[in-house]
Peer 1: 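One structure coming up, written as structure tokens, with questions to follow.
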Amino acid sequence: MRPGRDDPTERRFPLNSELIMSTEKQKTDFVAIGEKWQQYWAGIKLAEAPETPQKKYFVMPMFAYPSGDIHIGHFRNYSITDAIARKKMMEGYDVMHPFGWDAFGLPAEEAAIKNKRHPEEWTLHNIEVSKATLQKCGILFDWSREVTSCLPDYYKWTQWLFIQFFKKGLAYRKTATVNWCPTCNTVLANEQAAGGVCWRCENPVEKRELLQWFFKITEYAERLLAGIDELDGWPDNLRTIQRGWIGKSIGAEVDFVLENSEIKIPIFTTRPDTVFGVTFMTLAPESPLVEQIGIPDDRRAEVNAYIEAARSKSEIDRTAQTEKDGVFSGCYAINPLNGERVPIWIGDYVLATYGTGAVMAVPGHDQRDYDFAKKYDLEIKYVIDTGRGQDWYDKKPAADPAYGTMMNSDRFDGQVGKEGIRAVIDYCEEQKIGRACTNYKIRDWLISRQRYWGCPIPMIHCKKCGIVPVPEDQLPVELPRGDIDFMPTGRSPLADVKEYIEVDCPECGGKAERDADTMDTFMCSSWYFLRYCDPKNETAIFDPKKAAAWLPIDMYVGGIEHATGHLIYYRFFTKFLYDLGLLKLEEPTVRMFNHGMVNDEQGRKMSKSVGNVVSPIDLVGEHGPDPVRLAVFFAAPSEKEIQWSSAGITGTERFLIRADQFVRSADFSGNTDLNRTFGMADLSAEDKKAYLAFQLALQKINFDFERLQFNTCTAAVMELLNIIPNDISAEMRTYIAGNIVRVLAPLAPHTAEEWWAKVLGNSESVFRAAGWPSVDQTAIAAATITLACQINGKVRGQISVPPDTDNATIEELAKAEPRVQKHLAGKTIKKTIVVPKRLVNFVVQ
RNA sequence: GCGAAAGUGGCGGAAUUGGCAGACGCGCUGGACUUAGGAUCCAGUGGGGUAACCCAUGGGGGUUCAAAUCCCCCCUUUCGCACCA
């Protein structure tokens with residue numbers, strides 16, 4: 001028995017006594033509806049994706065760090081993917097909407113130190129809490145595919161991947177100047193130290209020389225770059241950021257030679273056409289060349305002091321410094337193209353890690369070199385003619401970086417732009433003094449971390465056999481639990497765990513040592529989406545067939561902050577696994593969407609330390625999940641940052657109550673075919689208006705849903721409810737009420753499910769049985785059109801016409817409109833413009 | 001410093017991409033029903049004007065029959081990149 005179905009008077013005046021009685025009652029009822037249907041969905045396993053999908057849709061939010069406090073920002077992000085998942089379900093797709101935990105990482109270790117709890121215990125507890133919270137929020141994840149990166153059945157495969165990279169020669173160890181965060185006591189990858197500060201704690205990073213594991217992501221730089229062109233379902237700004245991060249530049253390497261020696265000093269330049277304008281060169285202070293050039297004794301002290309000063313400066317100080325400085329080394333190099341002798345300087349504006357760590361300086365055509373030359377009174381030569389005139393070249397007022405015609409360049413004089421560059425490179429290659437060369441800004445990825453709570457590096461160091469991977473049948477290398485001192489000392493806590501470190505070499509059987517470091521957590525998050533396709537596989541990382549069935553990810557939703565980290569790494573992994581033959585595609589994601597952040601009312605980021613975290617649990621407990629969700633959707637388009645205010649809930653709550661009244665006012669005992677159409681000609685004026693309003697609303701919802709603009713989707717339903725006349729027929733009421741249930745289902749799922757079952761009387765979930773309505777284009781095409789009538793671009797009236805009215809008739813009707821008539825009186829019409837379905841404009845004198 | 005995006009009522013935001021600016025909602029004002037209203041319903045709500053109308057999308061110019069939307073200059077904000085040779 002369904003409430004309100006048997007007594008027609010109750011239907012007419014549908015203030016449902018059960019649902020709507022008092023303020024108190026309303027609030028508690030959305031809460032009750034929420035709980036009821038969450039249980040139901042869990043019971044029928046609504047979210048569980050099939051093993052082998054027919055018509056698949058893979059939608060996924062980013063891997064989450066289980067900090068334990070799900071806030072309104074998470075609620076928003078996951079509501080986005082949830083709404084998409086639900087709509088796709090209604091459209092008949094086999095939907096996978098999985099979730100997982102990026103569960104290794106420093107916060108667990110910090111908490112362990114603080115609360116004397118093991119990081120694993122802390123992490124797993126947080127996962128439980130977070131998961132329960134997400135469920136209470138009504139987010140429908142397929143928990144049967146949940147992955148947790150800190151559990152051995154997952155990190156076994158992270159280790160396996162490490163070994164595959166090693167076997168392909170893409171994982172290697174080197175001593176390098178690395179970013180060290182003294183606060184976190186660990187090294188950082190370049191993208192984690194962008195701007196000279198640690199991505200986690202935002203403290204300045206230092207440089208240290210350490211022997212560390214790196215992945216050769218640079219070997220994939222070209223493919224990572226080329227792949228971006230194909231990602232047309234990605235936001236442009238994200239693509240731009242990735243291109244910039246990879247930072248390809250095409251040029252040449254030219255070997256300058258140390259005077260009176262055989263020592264080559266190669267330089268990288270994108271402007272070989274300016275090589276005759278070189279008047280000095282500069283080495284990075286950290287460059288090994290500095291030690292090789294034989295600095296004369298009288299320069300030694302000054303040079304050493306400069307290098308020391310550069311080294312002790314923080315990254316921020318070095319880059320913030322506006323004026324370039326340097327020191328003369330006392331040595332000279334020979335320009336191999338013209339045999340000229342040029343002084344060698346040392347300056348910290350040259351980066352040791354880019355190119356060759358040495359540059360040729362052309363003050364005439366490079367602003368930095370110009371500034372440097374001015375400061376130290378070095379020669380300035382112009383070798384590219386851009387038509388400035390002799391006067392300008394004599395005065396030397398600035399550097400001129402434009403392309404032009406080569407001059408003062410011996411045999412190359414007269415060569416223009418790109419041809420000049422080409423000619424110089426060809427000549428260098430002929431003479432074996434240089435070569436074409438392409439450089440990338442992206443650096444190899446530093447994997448090692450000197451911390452406990454991470455995935456152990458499955459490598460063994462043997463004095464006899466060198467570096468030996470742990471045999472794959474012995475994976476996973478499990479993190480030792482026991483009594484471990486997590487206090488950061490600057491080296492990995494595992495280094496002091498004897499039972500862990502001491503191991504027999506898998507090759508010679510002799511005494512050997514495990515690698516004491518753990519992996520960057522970005523390793524774990526670079527492949528989790530693949531594990532979703534086959535989460536329980538014990539014998540392989542995943543079954544390639546299952547991966548092929550689900551990939552690519554159709555919609556990936558996450559923050560823009562991962563543009564140069566995660567979103568490059570997971571593309572890199574995808575390409576690597578493609579090369580291994582495990583994947584059939586090189587790009588993992590068709591469509592990427594960057595959601596906006598949720599800040600507090602003052603616009604500040606929500607954080608525990610500020611104490612301004614808004615918990616969705618409190619809101620959901622007070623208002624129910626749907627009013628809160630609608631309020632979040634309604635606040636702004638999904639990509640925009642919002643300042644959270646609970647005030648919005650008032651409006652969405654009222655709206656849901658009004659919608660509830662409308663839905664319950666309909667009679668679902670007769671023909672309830674929601675896919676039916678109506679012939680416009682047969683309808684009363686009211687029905688026509690309502691029917692058309694629904695078709696237009698649906699059209700807008702489809703359009704806006706596609707671009708994830710849920711605020712206007714919601715507004716479209718609100719507007720529809722406002723438009724519908726009171727005295728529509730019972731049939732039309734049934735049709736529209738039932739369809740409002742359908743279109744609201746992705747946005748307000750609990751309430752829609754309640755209506756679907758209790759008001760419409762269905763026994764199967766709205767997400768499985770309802771289907772998504774299709775627009776009655778015939779009705780829209782047949783609808784009467786309202787045109788604005790303008791005089792000189794100003795609106796003076798309106799006319800309504802049938803859709804097929806010809807322009808001449810439209811003009812006549814418009815001229816007959818009283819206000820138009822008034823404005824036309826005594827004027828001459830010079831021109832008439834009719835825009836189909838929009839307006840008619842008379843240009844008058 | 002360079003680059004990108006944005007700037008619309010008291011507030012959040014719309015505007016199907018050059019075609020009726022301010023949809024939808026909050027808030028506010030008035031009214032109804034009420035013992036009560038922080039509930040609900042009805043009406044109003046960019047500014048000016050009794051009105052006809054006029055003025056309005058950060059400011060100033062321009063293109064166009066028509067500009068929030070396109071172009072130029074300036075201001076402000078928010079993000080990226082910050083010596084990549």
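Chain letters run A, B, ... following the sequence lines, proteins first and then strands; every chain starts at 1.
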Peer 1: For A/Thr356 and for A/Asn237, locate the closest nucleotide of RNA chain B by heavy-atom distance; then report the residue assigned to the nucleotide nearer the 5' terminus.
Peer 2: A/Asn237
Peer 1: Is a side-chain N or O of A/Gln695 found less than 3.5 angstrom from the main chain of A/Ile780, in a donor-acceptor match?
Peer 2: no
Peer 1: Looking at every strand, decide which applies to A/Val843 at a 4.0 Å heavy-atom threshold: base, sugar-phosphate, or nothing.
Peer 2: sugar-phosphate
Peer 1: One pair to check against side-chain hydrogen bond (donor to acceptor under 3.5 Å, both in side chains): A/Tyr403 and A/Asp273. What are the steps and the verdict?
Peer 2: CA-CA 9 Å; A/Tyr403 289 101; A/Asp273 56 331; over 6 Å; no
Peer 1: Can you see which heavy atom on A/Thr282 is nearest to which on A/Ile346, and at what distance?
Peer 2: CG2-C, 3.9 Å
Peer 1: For a stem of at least 3 consecutive Watson-Crick or G-U pairs with distances under 3.5 Å, i pairing with j, i+1 with j-1 and so on, which stems involve RNA chain B?
Peer 2: B:1-7 with B:75-81, B:10-12 with B:24-26, B:27-32 with B:40-45, B:46-48 with B:53-55, B:58-62 with B:70-74
Peer 1: Distance check: side-chain N/O of A/Arg658 vs OP1/OP2 of B/rG25, anything under 4.0 Å?
Peer 2: yes
Peer 1: Is A/Asn711 close enough to B/rA14 that one of its side-chain N or O atoms is under 4.0 Å from OP1 or OP2 there?
Peer 2: yes
Peer 1: Is B/rG10 syn or anti, taking syn as a glycosidic angle within 90° of 0?
Peer 2: anti
Peer 1: Any side-chain heavy atom of A/Leu619 within less than 4.5 Å of one from A/Trp644?
Peer 2: yes
Peer 1: Any idea which of B/rA15, B/rG25, B/rA85 is nearest the A/Lys700 side chain?
Peer 2: B/rA15
Peer 1: Measure from CG on A/Asn792 to P on B/rA66 and round the result to the nearest Å.
Peer 2: 8 Å
Peer 1: To the nearest angstrom, how far is A/Lys837 atom NZ from B/rC20 atom P?
Peer 2: 16 Å
Peer 1: Using a cut-off of less than 4.0 Å, is there contact between a side-chain N or O of A/Lys831 and OP1 or OP2 of B/rC65?
Peer 2: yes
Peer 1: Output yes when at least one side-chain N/O atom of A/Asn841 is less than 4.0 Å from OP1 or OP2 of B/rU64, else no.
Peer 2: no
Peer 1: Quantified in whole Å, what is the P atom distance between nucleotide B/rC55 and nucleotide B/rA4?
Peer 2: 35 Å
Peer 1: Tell me if the side-chain of A/Gln790 makes a donor-acceptor pair with the base of B/rC20, cut-off 3.5 Å, by modelled atom types.
Peer 2: no
Peer 1: Quick check for you: among B/rA85, B/rC26, B/rC53, whose closest atom lies nearest to any side-chain atom of A/Ala647?
Peer 2: B/rC26
Peer 1: Using the P atom as the point on both nucleotides, what is the distance between B/rG58 and B/rG9, in whole Å?
Peer 2: 8 Å
Peer 1: Charged N to carboxylate O under 4.0 angstrom, A/Asp232 versus A/Arg239?
Peer 2: no
Peer 1: Taking 4.0 Å as the cut-off, does a side-chain nitrogen or oxygen of A/Gln709 come that near to OP1 or OP2 on B/rC24?
Peer 2: no
Peer 1: Using a cut-off of 4.0 Å on non-hydrogen atoms, how would the nucleic acid contact of A/Gln798 be classed: base, sugar-phosphate, or nothing?
Peer 2: base
Peer 1: Would you indicate which nucleotide in B/rU17, B/rG25, B/rA85 comes nearest to any side-chain atom of A/Thr270?
Peer 2: B/rA85
Peer 1: Please give me the minimum heavy-atom distance between A/Gly357 and A/Val350, naming the atom from each residue.
Peer 2: O-CG1, 3.6 Å
Peer 1: Output the single nucleotide from B/rC83, B/rA85, B/rA52 whose closest atom is nearest the side chain of A/Lys324.
Peer 2: B/rC83
Peer 1: Using atom P in both nucleotides, what's the gap between B/rG18 and B/rG12 to the nearest angstrom?
Peer 2: 26 Å
Peer 1: Ignoring backbone atoms, establish whether A/Lys794 has a side-chain N or O less than 4.0 Å from OP1 or OP2 of B/rC55.
Peer 2: yes
Peer 1: What is the distance from CZ of A/Phe655 to P of B/rG13, rounded to the nearest Å?
Peer 2: 20 Å
Peer 1: Taking A/Gln242 for its side chain and A/Leu567 for its backbone only, find out whether a donor-acceptor pair lies under 3.5 Å.
Peer 2: yes
Peer 1: B/rC20, B/rC24, B/rG27: which one has an atom nearest the side-chain heavy atoms of A/Thr650?
Peer 2: B/rG27
Peer 1: Would you mind classifying the nucleic acid contact of A/Val717 as base, sugar-phosphate or nothing, using non-hydrogen atoms under 4.0 angstrom?
Peer 2: nothing
Peer 1: Is the glycosidic torsion of B/rU17 within 90° of 0, making it syn, or is it anti?
Peer 2: syn
Peer 1: Just call it for A/Leu351: base, sugar-phosphate, or nothing, with non-hydrogen atoms closer than 4.0 Å on any strand.
Peer 2: base
Peer 1: Compare side-chain N and O positions of A/His365 against OP1 and OP2 of B/rA85 and report whether any pair is under 4.0 Å apart.
Peer 2: no
Peer 1: Answer yes or no: does a side-chain N or O of A/Arg654 lie under 4.0 Å from OP1 or OP2 of B/rC41?
Peer 2: no
Peer 1: Are A/Phe280 and A/Phe372 near enough that their ring centres are under 6.0 Å apart?
Peer 2: yes
Peer 1: With nearest nucleotides of RNA chain B determined for A/Ala636 and A/Ala358 from heavy-atom distances, which residue corresponds to the more 5′ nucleotide?
Peer 2: A/Ala636
Peer 1: For atom P, what is the distance between B/rC54 and B/rA66, given to the nearest Å?
Peer 2: 15 Å
Peer 1: Is there a side-chain contact between A/Arg796 and the phosphate of B/rA66, meaning an N or O under 4.0 Å from OP1 or OP2?
Peer 2: no
Peer 1: May I ask you to evaluate whether A/Tyr354 reaches the phosphate of B/rA85, defined as a side-chain N or O under 4.0 Å from OP1 or OP2?
Peer 2: yes
Peer 1: Hey, does the side chain of A/Thr832 come within less than 4.0 Å of B/rC65's phosphate (OP1/OP2), counting only N and O?
Peer 2: no
Peer 1: With a non-hydrogen cut-off below 4.0 angstrom, is A/Asp704 in contact with a base, only sugar-phosphate, or nothing?
Peer 2: nothing
Peer 1: For a quick check of understanding: with a heavy-atom distance under 4.0 Å over all strands, which category does A/Thr786 fall into, base, sugar-phosphate or nothing?
Peer 2: base
Peer 1: I need the CD1-C1' distance between A/Ile724 and B/rC24, as an integer number of Å.
Peer 2: 15 Å
Peer 1: When the P atoms of B/rU77 and B/rU45 are considered, how many whole Å apart are they?
Peer 2: 35 Å
Peer 1: Using a cut-off of less than 4.0 Å, is there contact between a side-chain N or O of A/Lys640 and OP1 or OP2 of B/rG13?
Peer 2: yes
Peer 1: Rounded to whole angstroms, how far apart are CD on A/Gln643 and P on B/rG25?
Peer 2: 23 Å
Peer 1: I want to verify a distance call: between B/rG12, B/rA85, B/rU16, whose nearest atom is closest to the A/Asp366 side chain?
Peer 2: B/rA85
Peer 1: For A/Lys815 versus A/Gln821, what's the shortest heavy-atom pair and its separation?
Peer 2: O-CG, 3.3 Å
Peer 1: Give a yes or no answer on whether the side chain of A/Arg443 reaches the backbone of A/Lys441 with a donor-acceptor pair at less than 3.5 Å.
Peer 2: yes
Peer 1: Which atoms form the tightest heavy-atom contact between A/Ala358 and A/Leu283, and what is the distance?
Peer 2: CB-CD2, 3.5 Å
Peer 1: Once you round it to whole Å, what is the distance between P of B/rA39 and CD of A/Gln661?
Peer 2: 15 Å
Peer 1: By nearest atom, which of the nucleotides B/rA14, B/rU17, B/rC53 is closest to the A/Thr712 side chain?
Peer 2: B/rA14
